[in-house]
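Positions are given from 1 along the sequence. Not measured: the values here are computed from a predicted model.
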Amino acid sequence: MHPPYGDDEHRYVPYAAAKPTSGAAVASLIFGIFGLFASWCLFGIPSIVAIVLGHVATSQTRRGLRPGHGMAVAGLILGYVVVPAVIVTVAVIVTQPDAVADWVNAVFSWVDSVLNT
């Protein structure tokens, strides 16, 4: 006699649901990308948030609790690249305002000469 729902070979075997990606990893990557473009206006705050969330996410994903380790590392890299650049830029502006003002005036005069020719 046959089993009522087919033979054992073709029986449906449910798979375990995939683990959700770490929210901290996704947020770290988003803040890292946003910080790459907006940290110059926001004093590096998005990049600092990306670094903090990236460390939280790597601790979650390193133990295998959740996927998303690559996104966490990418957020960390973007954050650690931008923050030193912002610090150096602010330090130069604070310590040498006359040199920065001369450079800005030179750039604006060059743009004016390009647009008016």
Closest non-hydrogen atom pair between P67 and P20, with its separation: CD-O, 3.5 Å
Nearest non-hydrogen partners of H69 and R62, listed with the distance: ND1-N, 4.3 Å
Side-chain donor-acceptor pairs under 3.5 Å in residues 43-58, sequence neighbours left out?
| from | atom 1 | to | atom 2 | distance (Å) |
| --- | --- | --- | --- | --- |
| S47 | OG | S39 | OG | 2.9 |
| H55 | NE2 | Y80 | OH | 2.9 |
| T58 | OG1 | G54 | O | 3.1 |
| T58 | OG1 | H55 | O | 2.9 |

Are L76 and F37 joined in one hydrophobic group, where the rule is that I, L, V, M, F, W and Y side chains link up if heavy atoms are under 4.5 Å apart? no
F108 vs D112 side-chain heavy atoms within contact, under 4.5 Å: no
On a heavy-atom basis, which atom in L78 and which in G32 lie closest, and how many Å separate them? CD1-C, 3.6 Å
Which other residues belong to the hydrophobic cluster containing F34, where Ile, Leu, Val, Met, Phe, Trp and Tyr are joined when side-chain heavy atoms lie under 4.5 Å apart, directly or via other members? L42
Quick check: is V104 connected to V94 through a chain of hydrophobic side chains (ILVMFWY, heavy atoms under 4.5 Å apart)? no
List the residues meeting side-chain contact (heavy atoms from CB on, under 4.5 Å) with S59, not counting sequence neighbours, and say none if there are none. R63
If you compare all heavy atoms of R66 against all heavy atoms of T61, which two are closest, and at what distance to 0.1 Å? O-CG2, 3.3 Å
So which atom in A24 and which in Q60 form the shortest heavy-atom distance, rounded to 0.1 Å? CB-OE1, 4.3 Å
Look up atom CG in L36 and atom CD1 in I77, then write down how far apart they are to the nearest 0.5 Å. 12.5 Å
side-chain hydrogen bond (donor to acceptor under 3.5 Å, both in side chains) partners for N105, two or more places apart: none
Below 3.5 Å, can you tabulate the donor-acceptor pairs from side chains in residues 81-90 to any protein atom, sequence neighbours excluded?
| from | atom 1 | to | atom 2 | distance (Å) |
| --- | --- | --- | --- | --- |
| T89 | OG1 | A85 | O | 2.7 |

Residues in side-chain contact (heavy atoms from CB on, under 4.5 Å) with V114, at least two apart? W110
Would you please name every residue forming a side-chain hydrogen bond (donor to acceptor under 3.5 Å, both in side chains) with D98, sequence neighbours left out? none
